[in-house]
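Convention: sequence-line order gives letters A, B, ...; per-chain numbering from 1.
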Amino acid sequence: MKHIGEVITVRSDVLVAEGERSALPPLGTILKSDRGVLCLVVSHSIDNKIPGRMPIAYGKSIEQLEREQPQVFALMKWMFQAIPFGTLSEDSVELFLNKVVEIHTLLFETRKEERDLVFKELRFFDFLFSIDKSVFPQRDKIIVSLVNAYLNDLLEVKEDEYIRIFSYISKILRNDYQTLKYIMDGVGI
Amino acid sequence: MNDSIGFLKSGSIGDGFLIRLNKTVNSESLQIGDFIVVQGDLYDYFGIIEDIRIGSSNEDIFFNPPENKVQKIAVKGAITFSELLVTPYLMIEKATNRVITIKTIPEHFSDARKANERDIRIVFGGNAEKAFYVGSPLTMDEQIYIDLEKLAKRNNAIFGITGSGKTFLGRIIFSGLIKHDVASLLIFDMHNEYGQFAKSEKKGKIKSLKGLFDAKVKVFDVSDKNSDADDFIKIPYKYITAADVAMLSSLLSYSQHSEETARIINKRFGDKWLKHVEELRSVTEAEREEKAKELGVNPSSLSALIRHLDKLLSLDFIQDITKDEDSSVKKILQYLKNGTSVVVQFSGKYANKPLAYFAVANIITRRIHELYASASEEERNKRIMIVVEEAHKLLSSDIKDKNIFGTIAREMRKYNVTLFVIDQRPSEIDSEVLSQVGTRFVMQLMDEKDMDAVFQGVGGGSRLKKILRTLQPQEVLLFGYAVMAPVPMRVREYGTNFYDEMKEGSSEPSPDDADNLY
């Protein structure tokens, strides 16, 4: 299986991984390492490979640049940040990081069954709402996207799952009804 | 089986238990008056739903409410919630099933559930020797029993507006008392509903007490036109005192002067006073003036008294009888002493005539009470319960001291004679008398003052009032001495099954029979 990115920076609360320009994982994607560490993609960034180089396109569009100067894209790093939140085993998810993520760790897409295991653990939402919104302002949109993707993959009992998930989220957000309503409205069934 | 509907959130013995409902429980599945059990470690706490409320932990929800059913369900429990306010009354000791009044409370988060048949059986199943099935909880079919022995030991009352079902309930309770020989009843039957038959809006002519217990009930009537009557009421003049007449003052348009004049004549002639007054009806004006002079009363007052007493003396059943044996009072007392109940009816021209009713009720009751009170303890071993309708007219604050009913209400068990009051205006009954009512059967009431009156002096009365407001016809809130806890209930059916159960030798469905179910 082809990897999605390679971890190039490890901090205690977030990983920075380098991916490919055309294959950056969407925000809200759950990835896994080859050792089963699970992480959630929370932001994207693009930077220069050459320190001090200033990329200026002189008013050209992306399409023009791709056509006329494709080499400039090769001088860029396509990166994403992901927050590790747990560990995947064969048939369960441990929402506790008991493994160190090494530098150069490769990150892969998760399978539907693996994501189902994540959603089975309602405490996953405690993790999601512990993400600092002032650092990652897209948090709520990420959660909407994540839950929508999960429910869309379900063939049945979507309504039951919606109720199960939002009953739990309602407890977490009992003092922040506006956020709760935003997320509930964003998730269709 | 997990039958939990919620958990104990907070509360106290005095203020009641606040139960937070589980999110899966629809508040509409519960009603005020339902029985709830909160399960502690050592005891099950038995109480009644006093109030049901919905609430929210975050007011923001009302600015942008959930838009669909799924969202509403999702936020239920965390942001929106339903709660029950339960008044605890009893504790059932888990190890022994012993029932005691509430003395402590369970821990936080103790599970709450609806009371089941077993709980109802334990609390209202009637372990007493003379337990009698009177109805069922509002939302259950289990049977609720009252302890007839306890009931008969004190004064009792049925309160309710017209059409609430007082008479049906009364008939059921009286049937129980008669069948179990707990007391001899003396029923002053204002509307002729406790004799051979009664009229039912739904069922037409139905059996009443005499119809059910022919050998144990005698019917007396003030009118000799009643062919169903066993005997007819005859009251000698000599049994009527000036105080009796004073009690009827409003019905006789009696003035204070007349009352005083009657008192003077009564004092002068003793028990022949009314006979003297009767004789003065036919004398000339001059002779009457002469008599007034002789008695030392004002001639015009004497004339007024004679005029006012005319209505009373025109009652056929008040007669110049000299032998006590010929009066109905002696016969009635004999029946009562022998364990036979007596229904006094008012048919023919005396139907719905308050003067006849209150005169007979007061005079007979006073006389019987006197005779019973002067009898030896052995002679009065049979308990007598006197049933009186429209009781507020006999027990209001201004006249309760003038008649025997107030005395009986106060003396209660002293002479083994108690009152059973049936009334629609409890607020007009003297509060001291009300406080002497041991067991109250409260049916629909509309007037706020009446509702307040029935709960006067009752712990948690304001809470019970909420339950009372929800009652429908044929439903009753029963509380007091004869039951362990207040109980809102549907009155049991009065029909052929009931008739069969009341037959001599037949037994009612008893708690013991039901034991096999468990």
Worksheet entry | Asp41(B), CG atom: more than 12 neighbouring heavy atoms under 6.0 Å | no
Worksheet item: Would you find more than 12 non-hydrogen atoms of other residues, nucleotides or ligands less than 6.0 Å from Lys120(A) atom NZ?
Response: no
Practice prompt. Please look at Lys171(A) and chain B and tell me whether the side chain, the backbone, both or neither of the residue comes under 4.5 angstrom of a heavy atom of that chain.
Written response: both
Discussion item. Quick check on Ile165(A) against chain B: is it the side chain, the backbone, both or neither that has a heavy atom closer than 4.5 Å?
Written reply: neither
Item to complete: Answer yes or no: is there a donor N or O on one side and an acceptor on the other, between the side chain of Tyr177(A) and the main chain of Phe63(B), under 3.5 Å?
Response: no
Worksheet item: Ignoring hydrogens and geometry, is there a side-chain-to-backbone donor-acceptor pair from Ser170(A) to Ala74(B) under 3.5 Å?
Response: yes
Practice prompt. Just give me the residue among Pro66(B), Ser57(B), Gly77(B) that pairs up with chain A most often, heavy atom to heavy atom, under 4.5 Å.
Written response: Pro66(B)
Worksheet item: Under a 4.5 Å heavy-atom cutoff, which of Asp60(B), Asn64(B), Ile73(B), Asn68(B) has the most pairs with chain A?
Response: Asn64(B)
Need one label for [X]: side chain, backbone, both or neither, based on atoms under 4.5 Å from any heavy atom in chain A.
X: Ile61(B); answer: both
X: Pro65(B); answer: backbone
X: Lys23(B); answer: side chain

Worksheet item: Please walk me through it: do Met184(A) and Glu67(B) pass side chain to side chain contact (heavy atoms under 4.5 Å, CB included)?
Response: CA-CA 10 Å; Met184(A) 281 202 299; Glu67(B) 280 159 23; over 6 Å; no
Worksheet entry | Heavy-atom check, side chain of Val75(B) versus side chain of Arg174(A), under 4.5 Å | no
Worksheet, complete the sentence: Among Glu159(A), Gln178(A), Arg164(A), the residue with the most heavy-atom pairs under 4.5 Å to chain B is Glu159(A)
Discussion item. Quick check: closest heavy atoms across Leu173(A) and Ile79(B), and the distance to 0.1 Å?
Written reply: O-CD1, 4.3 Å
Fill in: Closest non-hydrogen atom pair, Gln71(B) against Asp185(A)
NE2-OD1, 3.0 Å
